[in-house]
Amino acid sequence: NVPLDTDLMEHLRGARRPVVLTGAGMSAESGVPTFREAQSGLWARFDPVELATPEAFERHPQRVLDWYAWRREQVAKARPHAGHQALARWEAACAALVIVTQNVDGLHQRAGSRNVVELHGRIDRDRCHHCGERAETPARVCAQCGGPLRPDVVWFGEMLPEPALRRALGAVSEADLVLSVGTSTLVQPAASLPAEALAAGVPVVEINPEPTPLKGRTLYRLRGKAAEWLPRLVAIACD
Ligand code: NAD
Ligand code: APR
């Protein structure tokens, strides 16, 4: 066990408004593949331009819907791990805790977390590609306007849902501690959230087996996995 800095332990114990930012690496130990990891990443095996853009959906909708049906099967088989469960325990002990996730798999909520901001939508929901109306699957066309339905996730080139982005920016601006877990910190605007906290001198704890572009005076880098580190950090925060 790597010994933790005493000031990091103080930040954990003293946190009253923690914010936890999570990316695809948070779901890796639940069996959901990440996007940019060298071998296993989805974008190493599939072309995001052909599958995760509005243009791709307009050009060949069935190929995009089939790929998301495959991803939905993976997500349906996934179960929250000890890291998701630790965050739900932390929220129970510290009601102001907010999770801001780029993930679309709903695993935080399945572990019991309630304050979850979903920046990139939810893969288990559909929405109309024309009017944005949400639809319960397995409807095929929009009940409001007859438009084509597509997964309610944010594709490359699309804007993030404004209310979610606003809530995320608000939470980070109020935070007294930020954890950044399992994200390559490459995709905007999510990647600017931990940088905002660092610029404000708020301590940021990064949990990732690999290096990321994140840097700053108040950054603590914990090399390793979400399911290993989070239970340990939450035990200190809640003891
Ligand atoms: P992009 O550069 O292609 O286009 C979106 C740009 O607009 C980004 O630079 C982003 O910073 C900006 N933007 C988006 N929403 C905004 C908002 N509400 N306010 C201000 N600026 C906003 O971005 P991208 O990296 O290609 O992808 C866009 C989003 O789609 C990313 O967040 C990405 O994570 C997401 N995405 C999701 C999936 C999926 O399968 N869930 C796949 C690909 C991309
Ligand atoms: N624990 C913690 N981190 C992990 C683990 C793990 N067990 N396994 C992998 N990681 C790290 C990887 O080192 C990598 O830095 O998780 C990160 C995953 O990065 P990406 O695959 O780029 O996923 P993410 O940062 O969430 O991508 C952002 O891009 O394609 C879009 O919308 C998609 O939301 C996604 C966005």
Side-chain angles (χ1 to χ4, degrees), residues 2 20-57 64 67-68 70-72 74-75 78-87 99-108 111 116-125 127 150-161 164-165 168 178-195 204-215 219-234:
V2 170
V20 183
L21 309 170
T22 65
M26 179 75 205
S27 302
E29 289 150 282
S30 293
V32 181
T34 62
F35 291 96
R36 290 173 186 80
E37 278 185 287
Q39 310 311 327
S40 62
L42 285 173
W43 303 149
R45 293 180 281 157
F46 300 95
D47 178 1
V49 173
E50 286 306 303
L51 291 166
T53 60
E55 296 74 21
F57 179 68
V64 172
W67 189 68
Y68 273 92
W70 172 72
R71 282 194 61 199
R72 278 174 168 156
Q74 284 181 314
V75 167
R79 294 287 172 271
H81 56 60
H84 295 102
Q85 284 149 6
L87 291 181
I99 293 175
V100 176
T101 189
Q102 297 174 74
N103 299 335
V104 296
D105 52 37
L107 285 173
H108 285 300
V116 182
V117 179
E118 294 176 316
L119 292 177
H120 296 164
R122 273 289 285 272
I123 200 167
D124 56 348
R125 235 184 4 233
R127 76 163 187 263
R150 34 80 49 99
D152 187 12
V153 300
V154 177
W155 280 332
F156 286 105
E158 291 186 321
M159 297 296 275
L160 275 61
L165 187 57
V178 170
L179 271 60
S180 183
V181 186
T183 177
S184 55
T185 323
L186 293 175
V187 172
Q188 292 300 343
S192 60
L193 295 172
V204 175
V205 184
E206 180 177 68
I207 298 174
N208 195 320
E210 302 294 327
T212 75
L214 207 53
K215 60 182 180 300
L219 176 63
Y220 298 84
R221 281 198 189 85
L222 301 179
R223 281 271 170 277
K225 299 185 171 186
E228 290 163 11
W229 272 111
L230 284 171
R232 195 174 159 202
L233 299 187
V234 171

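As a basis for the values below, the full set of heavy atoms in this structure was taken, side chains included, without hydrogen atoms, waters or symmetry mates. Remember, it's 1-based here, ligands and their atoms both numbered in the order they're listed.
- Contact annotation for A226 and ligand 2: heavy atoms of both the backbone and the side chain come within less than 4.0 Å of the ligand.
- Those atoms of ligand 2 that come under 4.0 Å of a heavy atom in W43, given as number and element, are 30 (O).
- Atom CZ of R127 sits about 14.0 Å away from atom CZ of R122, to the nearest 0.5 Å.
- Considering backbone and side-chain atoms together, T183 places an N or O closer than 3.5 Å to an N or O of ligand 2.
- At a 4.0 Å cut-off, not a single heavy atom of G41 sits close enough to ligand 2 to count as contact.
- For the ligand labelled ligand 2, residue F156 lies inside the 4.0 Å heavy-atom shell.
- If you number the atoms of ligand 2 from 1 as listed, the ones under 4.0 Å from a heavy atom of G23 come out as 26 (O).
- Note: an N/O pair closer than 3.5 Å links G182 and ligand 2 by distance alone.
- Residues F57 and Y68 have side chains not in contact (no heavy-atom distance under 4.5 Å, counting atoms from C-beta outward).
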Inset, instruction - Run the numbers on E206 and T185 for side chain to side chain contact (heavy atoms under 4.5 Å, CB included), then give the verdict. - result: CA-CA 10 Å; E206 180 177 68; T185 323; 4.1 Å; yes
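- Among S30, A24, A44, the residue whose heavy atom sits closest to atom 24 (P) of ligand 2 is A24.
- At least one side-chain heavy atom of V205 sits less than 4.5 Å from a side-chain heavy atom of L222.
- Two residues are said to be in side-chain contact when any heavy atoms from C-beta on lie closer than 4.5 Å; N208 and L214 fail this criterion.
- Each of the following atoms of ligand 2 lies closer than 4.0 Å to a heavy atom of E210: 13 (O).
- For ligand 2, the polar-atom distance check finds no N/O of K225 at less than 3.5 Å from any of the ligand's N/O atoms.
- Distances between N or O atoms of T185 and those of ligand 2 include no value under 3.5 Å.
- Between F35 and ligand 2, at least one N/O pair is under 3.5 Å apart.
- The nearest pair of heavy atoms linking V64 to L51 is CG1-O, 3.6 Å.
- Set against the non-hydrogen atoms of A28, the atoms of ligand 2 under 4.0 Å away are 8 (N).
- The proximity of H120 to ligand 2, defined as any non-hydrogen pair under 4.0 Å, is limited to the side chain.
- Residue E29 touches ligand 2 through its side chain alone, judged by heavy-atom distances below 4.0 Å.
- Of the listed residues (L222, N208, V187), the one carrying the non-hydrogen atom nearest atom 13 (O) of ligand 2 is N208.
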Legend entry - side chain to side chain contact (heavy atoms under 4.5 Å, CB included) assessment of F35 paired with V187: CA-CA 11 Å; F35 291 96; V187 172; over 6 Å; no
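- Summarising the geometry of E29 relative to E228, their closest heavy-atom pair is OE2-N, 4.2 Å, with the distance given to 0.1 Å.
- Taking only nitrogen or oxygen atoms, main chain and side chain alike, S184 reaches within less than 3.5 Å of ligand 2.
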Inset, instruction - List the steps and the verdict of side chain to side chain contact (heavy atoms under 4.5 Å, CB included) for V116 and T101. - result: CA-CA 7 Å; V116 182; T101 189; 4.0 Å; yes
Legend entry - Audit row: H84, T22, side chain to side chain contact (heavy atoms under 4.5 Å, CB included) steps and yes/no: CA-CA 10 Å; H84 295 102; T22 65; over 6 Å; no
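- Listed by number with element, the atoms of ligand 2 under 4.0 Å from a non-hydrogen atom of E37 are 9 (C).
- Looking at L87 and L230, their side chains come closer than 4.5 Å, going by heavy atoms from C-beta outward.
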